[in-house]
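Everything on this sheet refers to the single structure shown next.
Chain identifiers are assigned alphabetically (A, B, ...) following the order of the sequence lines, protein sequences preceding nucleic acid strands; residue numbering begins at 1 within each chain.
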Number of protein chains: 2
Amino acid sequence: MKEEIKTYLKHIKDVCPELNDNELEKFSSELTVEKYNKNDFYITAGQTQTQGGFLISGLIRVFHTDELGNEKNIYFVPENDYTFHYASFMDNKPSPLSFQCLETSVVVNFPAFHLHKSYEEFPKFDRYGRLIVEQKLKQQQERLESFLFQSAEQRYLDFINQFPQLFNRISISQLCSYLGVERQTLTRIRQKLARSV
Amino acid sequence: MKEEIKTYLKHIKDVCPELNDNELEKFSSELTVEKYNKNDFYITAGQTQTQGGFLISGLIRVFHTDELGNEKNIYFVPENDYTFHYASFMDNKPSPLSFQCLETSVVVNFPAFHLHKSYEEFPKFDRYGRLIVEQKLKQQQERLESFLFQSAEQRYLDFINQFPQLFNRISISQLCSYLGVERQTLTRIRQKLARSV
DNA sequence: TTAATTTTGGCACAAATGTGTCAAGTAAAA
DNA sequence: TTTTACTTGACACATTTGTGCCAAAATTAA
């Protein structure tokens with residue numbers, strides 16, 4: 001079995017020990033490992049994902065493109081995280097966002113129907129799903145709340161704290177839209193912080 | 001069995017028909033129905049919820065209070081929705097947000113441990129949990145994304161569209177912080193929209 | 001009913017943010 | 001190496017948003 005698949009199965013087992021090795025073994029039969037180069041698109045907006053993916057190594061930016069062609073980053077996918085748009089993937093609808101590799105990336109892919117089948121075949125898979133989605137919900141909730149009652153400066157500081165391993169790999173121009181400000185504003189924030197050190 | 005509890009069980013069954021009536025019956029044994037008056041607090045920030053609740057009728061605002069005592073609304077809980085802060089409830093941690101009734105409200109309550117017990121006793125409960133959390137995640141995701149790539153004006157229009165039943169029950173001053181703008185700005189948006197009709 | 005409170009729209013001014021542009025510096029590609 | 005592309009900090013200016021205040025209207029409580 002490929003190393004990447006082992007890593008993925010280990011993640012599942014860590015989250016939900018109730019799943020036994022036999023079930024994981026069966027689940028793994030449909031997994032494939034794929035490598036993407038820097039700047040490759042994992043998903044292009046408008047596309048419906050026929051497969052889901054778990055990022056083993058690399059970094060992916062998830063962005064939205066408006067009518068004028070302006071891009072805004074909504075998420076970054078770090079190592080050991082799922083790389084799909086939950087809402088559209090679960091409903092089998094086109095993704096409103098594009099996924100592009102900022103670095104060479106290795107992904108474990110699985111067909112969407114295989115996930116649904118697993119929910120039916122392996123009762124404890126529902127638990128794994130629940131736990132993962134609960135994690136995601138918490139993250140999402142925190143991020144939303146940070147937009148509602150924190151300043152851009154605080155969000156910037158939080159980002160550095162929360163993703164120290166990403167901070168040096170993402171440029172200012174990529175980061176600013178994730179924080180919800182223009183590049184100029186992020187520059188001002190950094191200047192202000194630098195002065196106050 | 002009280003009407004409110006029947007309403008709640010019906011909601012569960014609608015979301016997850018795999019749960020049988022016997023299981024629901026057992027689950028219902030720990031449910032209580034409580035009424036709250038307008039302006040009553042369902043949860044005060046800092047409190048750890050020992051029970052979760054499902055709002056049968058009424059309307060609850062969920063808000064954050066900053067160091068200066070300024071309040072900002074983060075969510076509104078409409079009828080037939082859960083009234084707790086997922087992240088803190090699931091981890092049994094103090095809620096960072098306060099829940100206050102904007103209208104007389106009737107809630108079906110259940111002890112937190114009862115939920116966890118149900119996950120162990122009734123295997124299909126995990127599925128119900130997964131489906132609910134998936135729903136929440138989708139809503140949360142949409143809301144976050146609206147902050148990242150939509151204008152306040154668009155968010156206002158979306159709110160009217162998405163919650164027509166709430167629109168007339170929430171004042172401008174309560175709504176503005178939910179949309180992430182000051183009251184004056186929301187007034188300006190409304191003026192602009194009124195002119196363009 | 002009257003009195004008290006809350007909500008709303010409006011105004012003026014201050015502060016923050018966005019827009020567009022430029023040049024130096026850095027990194028990547030030929 | 002040279003060339004190209006991208007990133008960054010800086011500037012000026014326009015626009016948007018926030019703040020504080022007021023008075024009219026609406027709502028709620030006495």
> How about B:Tyr42 and B:Tyr36: are their ring centroids closer than 6.0 Å?
Replying inline: yes
> How close or far is atom C1' of C:dT8 from atom CD of B:Gln174, stated in whole angstroms?
Replying inline: 13 Å
>> Rounded to whole Å, please give me the gap between CG in A:Leu102 and C1' in C:dA27.
In response: 15 Å
> Rounding to a whole Å, what distance do you find between A:Asn37:CG and C:dA28:C1'?
Replying inline: 15 Å
> Atom CZ of B:Arg155 and atom C1' of D:dT17: how far apart are they, to the nearest Å?
Replying inline: 13 Å
> Out of curiosity, B:Asp126 CG to A:Arg130 CZ, how far, rounded to the nearest 0.5 Å?
Replying inline: 4.5 Å
> How about B:Tyr178 and B:Phe159: are their ring centres within less than 6.0 Å of each other?
Replying inline: yes
>> In whole Å, I'd like the distance from the CD atom of A:Glu153 to the P atom of C:dA15.
In response: 17 Å
>> With salt bridge (charged side-chain N to carboxylate O under 4.0 Å, His left out) as the rule and sequence neighbours excluded, what pairs involving residues 162-181 of chain B come up?
In response: B:Glu79-B:Arg169, B:Glu103-B:Arg169
Give me, pair by pair, the N or O atoms of the protein and of nucleotides 17-23 of chain C that are less than 3.5 Å apart, along with how far apart they are.
| unit_1 | atom_1 | unit_2 | atom_2 | d |
| --- | --- | --- | --- | --- |
| C:dG18 | OP2 | A:Glu182 | N | 3.1 |
| C:dG18 | OP2 | A:Thr185 | OG1 | 2.6 |
| C:dG18 | O6 | A:Arg188 | NH2 | 3.0 |

> Out of C:dT7, C:dG9, D:dT8, which nucleotide sits closest to the side chain of B:Thr187?
Replying inline: C:dG9
> Say you draw a straight line from CD1 of A:Ile74 to OG of A:Ser98; how long is it, rounded to the nearest 0.5 Å?
Replying inline: 10.5 Å
> Taking atom C1' of D:dA29 as reference, at what distance in whole Å does atom CG of B:Asn39 sit?
Replying inline: 12 Å
>> Distance check needed: C:dA28 P versus A:Glu103 CD, whole Å only.
In response: 11 Å
> Should B:Ser171 be listed as having a side-chain N or O under 4.0 Å from OP1 or OP2 of C:dT8?
Replying inline: yes
>> Check this for me: A:Lys35, atom NZ, are more than 12 non-hydrogen atoms of other residues, nucleotides or ligands nearer than 6.0 Å?
In response: no
>> If you only use heavy atoms from C-beta on, which nucleotide in D:dT28, D:dG9, C:dT7 is closest to the side chain of A:Arg190?
In response: D:dG9
> Please give, in whole Å, the distance from D:dT7 C1' to A:Arg61 CZ?
Replying inline: 14 Å
>> Within this structure, what is the CG-CG distance for the pair B:Leu102 and B:Asn73, rounded to the nearest 0.5 Å?
In response: 7.5 Å
> Between B:Ser173 and C:dT8, is there a side-chain N or O to OP1/OP2 distance below 4.0 Å?
Replying inline: yes
